[in-house]
J.: 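Attaching a single structure in structure tokens format; questions to follow.
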There are 2 protein chains.
Amino acid sequence: MKKQERQRYIKRLLSSNEIERQEDFVRLLRAEDIDVTQATISRDIKDMQLVKVPSVTGGYHYSMPVQKKMDTEKKLRRTLKDAYVSYATQDKFVLIKVLPGNGPALASLIEAMHYDNVFGTLGDDDTVLIIGKSLDATLDLQQTLQRLLSDN
Amino acid sequence: MKKQERQRYIKRLLSSNEIERQEDFVRLLRAEDIDVTQATISRDIKDMQLVKVPSVTGGYHYSMPVQKKMDTEKKLRRTLKDAYVSYATQDKFVLIKVLPGNGPALASLIEAMHYDNVFGTLGDDDTVLIIGKSLDATLDLQQTLQRLLSDN
DNA sequence: AGCTATTATGCATAAATATGAAAGGCTCGT
DNA sequence: ACGAGCCTTTCATATTTATGCATAATAGCT
């Protein structure tokens with residue numbers, strides 16, 4: 001179906017946090033050859049229960065719904081604790097070793113969080129590579145992950 | 001100061017989930033003899049990083065920021081697990097027995113979550129009483145609490 | 001107190017978002 | 001293939017939210 005595909009794109013766009021208004025979605029989707037109006041986006045946003053968050057930097061940006069984010073985080077924390085083996089970082093990269101078989105699941109959970117620090121994620125059988133958007137972003141990210149690992 | 005007091009009221013109003021637009025805040029604050037315009041509310045909302053959430057029931061309502069909610073939930077879970085003794089429920093009430101001294105802390109954490117099922121919360125030294133908004137709301141709430149207790 | 005700088009608010013309005021109504025598509029049963 | 005019922009989308013527009021600018025309030029000086 002068309003609607004679902006579009007909404008998948010919208011999800012993907014979420015983490016590139018320059019999305020301040022619905023028209024931005026319209027513009028970005030056009031670049032992907034998906035042609036919609038703001039009205040449709042408004043309804044998609046309602047469907048998907050996205051929220052417009054006042055960001056610390058003064059602007060606004062759209063983001064995942066609270067509940068879903070919380071649920072995902074729980075799964076993420078559990079998976080991390082279950083499967084975590086070791087951890088290394090260099091430059092804008094974070095490399096996590098996990099028990100065999102857990103890489104893909106962990107990677108996709110991290111993606112699902114739509115952290116706006118994360119440029120991309122990539123998981124093979126026993127390794128997850130996370131690429132931060134910047135050096136600072138990567139440091140933040142490390143902290144987030146460590147917090148997740150150390151209970152809270 | 002005036003602004004902070006108003007924002008405290010706004011926080012309190014949050015959990016009474018009939019708040020669909022900023023004008024609702026204006027109206028409700030007037031009932032408390034706090035006289036402001038929608039413009040101010042808009043700025044408060046930005047300050048406090050509140051979000052307008054598309055609710056499952058089709059409308060919209062304002063709610064706590066994601067991050068804060070997540071942090072509070074972590075503390076809540078920890079406190080629950082630490083201090084939990086026993087649990088009883090009847091009608092729209094949930095009564096939680098906790099280790100002496102932990103009642104007030106737990107109650108205020110529950111308040112801070114701004115669950116929209118909750119009508120009110122009340123904590124003495126070793127007991128917390130939660131009053132749900134309705135029977136269904138109370139059942140939901142129980143589930144939420146049980147989920148919190150059983151790890152996740 | 002008086003003066004200045006900073007912050008907060010209201011007004012008016014621009015900007016952004018939501019939505020009714022009409023139109024187009026899709027699915028299914030006949 | 002046709003039509004009924006159901007979604008989905010757009011257009012036009014109403015509603016809601018954000019903000020520039022002017023003013024008022026507050027806090028800090030001296």
Side-chain angles (χ1 to χ4, degrees), chain A residues 1-68 114 116, chain B residues 1-68 114 116:
Chain A
M1 194 197 276
K2 198 148 182 210
K3 183 179 167 185
Q4 292 184 358
E5 194 200 355
R6 184 185 57 244
Q7 295 197 348
R8 263 199 303 284
Y9 271 96
I10 288 180
K11 251 189 205 159
R12 207 159 302 149
L13 289 173
L14 268 186
S15 54
S16 50
N17 62 346
E18 10 232 342
I19 301 185
E20 305 205 315
R21 22 177 166 315
Q22 302 184 351
E23 290 290 356
D24 291 342
F25 280 116
V26 175
R27 195 168 34 71
L28 291 169
L29 286 173
R30 253 175 210 151
E32 312 261 10
D33 266 319
I34 299 178
D35 214 14
V36 278
T37 59
Q38 172 271 326
T40 300
I41 299 294
S42 172
R43 289 180 176 115
D44 281 343
I45 282 172
K46 193 170 188 173
D47 265 22
M48 306 167 72
Q49 294 186 243
L50 303 185
V51 293
K52 189 183 180 188
V53 190
S55 62
V56 276
T57 58
Y60 293 85
H61 70 273
Y62 278 93
S63 152
M64 290 281 287
V66 182
Q67 193 50 58
K68 250 200 173 143
H114 293 277
D116 42 317
Chain B
M1 194 199 272
K2 199 152 182 207
K3 184 179 167 185
Q4 291 185 357
E5 193 200 355
R6 185 184 56 243
Q7 296 198 348
R8 263 200 303 285
Y9 272 96
I10 289 180
K11 251 190 205 157
R12 205 158 304 149
L13 289 173
L14 268 186
S15 54
S16 50
N17 62 345
E18 10 232 343
I19 301 185
E20 304 206 317
R21 18 175 163 313
Q22 302 184 353
E23 290 290 355
D24 292 342
F25 280 115
V26 175
R27 196 167 35 71
L28 290 169
L29 286 172
R30 253 175 210 152
E32 312 262 9
D33 266 317
I34 299 177
D35 215 12
V36 276
T37 60
Q38 171 271 326
T40 300
I41 297 294
S42 173
R43 289 177 178 120
D44 282 343
I45 282 173
K46 192 170 189 173
D47 265 23
M48 306 168 73
Q49 295 184 245
L50 302 185
V51 294
K52 189 184 179 186
V53 190
S55 61
V56 276
T57 59
Y60 294 85
H61 70 273
Y62 278 93
S63 152
M64 291 280 288
V66 183
Q67 194 51 58
K68 242 190 178 157
H114 294 278
D116 42 319

J.: Hey, is the side chain of B:S42 poking within less than 4.0 Å of OP1 or OP2 on D:dA18, counting only N and O atoms?
T.: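 Looking at the OP1 and OP2 atoms of D:dA18, one of them is under 4.0 Å from a side-chain N or O of B:S42.
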J.: Between A:E23 and B:T40, name the one whose nearest nucleotide on DNA chain C is closer to the 5' end.
T.: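 The residue whose closest nucleotide sits nearer the 5' end is B:T40.
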J.: From CG of A:D47 over to C1' of D:dC7, roughly how many Å is that when rounded to an integer?
T.: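 Whole-Å distance recorded here is 11 Å.
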J.: With the side chain counted from C-beta on, respond yes when B:Y60 and A:K46 share a heavy-atom pair under 4.5 Å apart, and no when they do not.
T.: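 Heavy-atom side-chain distance check passes, below 4.5 Å.
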J.: Rounded to whole angstrom units, what separation is found between the CD1 atom of B:I45 and the P atom of C:dT9?
T.: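 After rounding, the gap between these two atoms is 14 Å.
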J.: Rounded to whole angstroms, how far apart are NE2 on A:H61 and P on C:dT17?
T.: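 Checked: the NE2 to P distance equals 14 Å.
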J.: To the nearest 0.5 Å, what is the distance between CD on A:E5 and CD1 on A:I10?
T.: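 Going from CD on A:E5 over to CD1 on A:I10, the span is 11.0 Å.
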J.: Among C:dG10, D:dT17, D:dT10, which nucleotide has an atom closest to any side-chain atom of B:T37?
T.: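 Side chain of B:T37 sits closest to C:dG10.
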J.: Among the nucleotides D:dA18, C:dT9, D:dT16, which one has an atom lying closest to any side-chain atom of B:R21?
T.: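 Closest nucleotide to the B:R21 side chain: D:dT16.
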J.: Between B:Q4 (CD) and D:dA27 (P), how many Å, whole number?
T.: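 Taking atom P of D:dA27 as the reference, CD of B:Q4 is at 11 Å.
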J.: Rounded to the nearest Å, what distance is computed from the OH atom of residue A:Y60 to the P atom of nucleotide C:dT17?
T.: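 Roughly 10 Å, once rounded to whole Å.
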J.: Can you measure B:I41 atom CD1 to C:dC11 atom P for me and round it to whole angstrom units?
T.: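 Distance check: B:I41 CD1 to C:dC11 P gives 14 Å.
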J.: Does any non-hydrogen side-chain atom of A:D44 lie less than 4.5 Å from one of A:F25?
T.: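 A side-chain contact is absent here, since even the closest heavy-atom pair is not under 4.5 Å.
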J.: Which heavy atom of B:L14 sits nearest a heavy atom of B:L50, and at what distance?
T.: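 Reported closest heavy-atom pair: CD1-CD2, 3.8 Å.
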J.: Distance check needed: D:dT8 C1' versus A:I10 CD1, whole Å only.
T.: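 Atom-to-atom, A:I10 to D:dT8, this comes out as 14 Å.
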J.: Using a 4.0 Å heavy-atom cut-off, does B:F25 contact any base of the nucleic acid, only the sugar-phosphate backbone, or nothing at all?
T.: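 Nothing, no nucleic acid heavy atom in range.
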J.: Check for me whether B:R6 meets the cation-pi criterion with B:Y9, that is, NZ or CZ under 6.0 Å from the six-membered ring centre and within 45 degrees of the ring axis.
T.: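 Here B:R6 fails the 6.0 Å and 45° test against B:Y9.
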J.: Check every atom of D:dC11, C:dA12, C:dT9 against the side chain of A:A39 and return the nucleotide holding the closest atom.
T.: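 Nearest to the side chain of A:A39 among the choices is D:dC11.
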J.: Counting heavy atoms from C-beta on, name the nucleotide in D:dA18, D:dT9, C:dT19 closest to the side chain of A:R6.
T.: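 Among the listed nucleotides, the one closest to the side chain of A:R6 is D:dT9.
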J.: Is there, by distance only and without an angle test, a donor paired with an acceptor across the side chain of B:Q38 and the base of D:dA18 below 3.5 Å?
T.: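 Yes, a donor-acceptor pair under 3.5 Å.
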J.: Base, sugar-phosphate or nothing for B:D35? Non-hydrogen atoms, less than 4.0 Å.
T.: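 Sugar-phosphate contact only - B:D35 comes under 4.0 Å of backbone atoms but never of a base.
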J.: Any heavy-atom pair between the side chains of B:D35 and B:R30 that's under 4.5 Å?
T.: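 Contact flag for B:R30/B:D35 side chains = yes.
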J.: Starting from the first five and the last five pairs of the helix from C:dA1-D:dT30 to C:dT30-D:dA1, work out the angle between the resulting helix axes, to 10 degrees.
T.: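 Axis-to-axis angle, ends of the helix: 40°.
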J.: Quick check: do B:V51 and A:P54 have side-chain heavy atoms less than 4.5 Å from each other?
T.: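 The answer is yes, as the side chains (C-beta and beyond) meet within the 4.5 Å cut-off.
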J.: Which nucleotide in the list D:dT8, D:dA18, D:dT10 gets nearest to the side chain of A:K3?
T.: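 The answer is D:dT8, which lies nearest to the side chain.
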J.: Ignoring the backbone of B:R43, work out which of C:dC11, C:dT17, D:dA18 is nearest its side chain.
T.: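 Comparing C:dC11, C:dT17, D:dA18 against the side chain of B:R43, the answer is C:dC11.
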J.: Whether B:Q22 contacts D:dT15 is assessed here as follows: a side-chain N or O lying under 4.0 Å from the phosphate OP1 or OP2. Is that the case?
T.: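 No, no such contact exists.
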J.: Would you say that A:K11 contacts A:H114 through its side chain, given a criterion of any heavy-atom pair below 4.5 Å between the two side chains?
T.: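 Side chain of A:K11 against side chain of A:H114, heavy atoms only: contact under 4.5 Å found.
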J.: In whole angstrom, what separates A:K46's NZ from C:dG20's C1'?
T.: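 Checked: the NZ to C1' distance equals 12 Å.
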J.: Given D:dT17, C:dC11, D:dT19, identify the nucleotide with an atom nearest to the side chain of B:K52.
T.: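 Taking heavy atoms from C-beta onward, the closest nucleotide is D:dT17.
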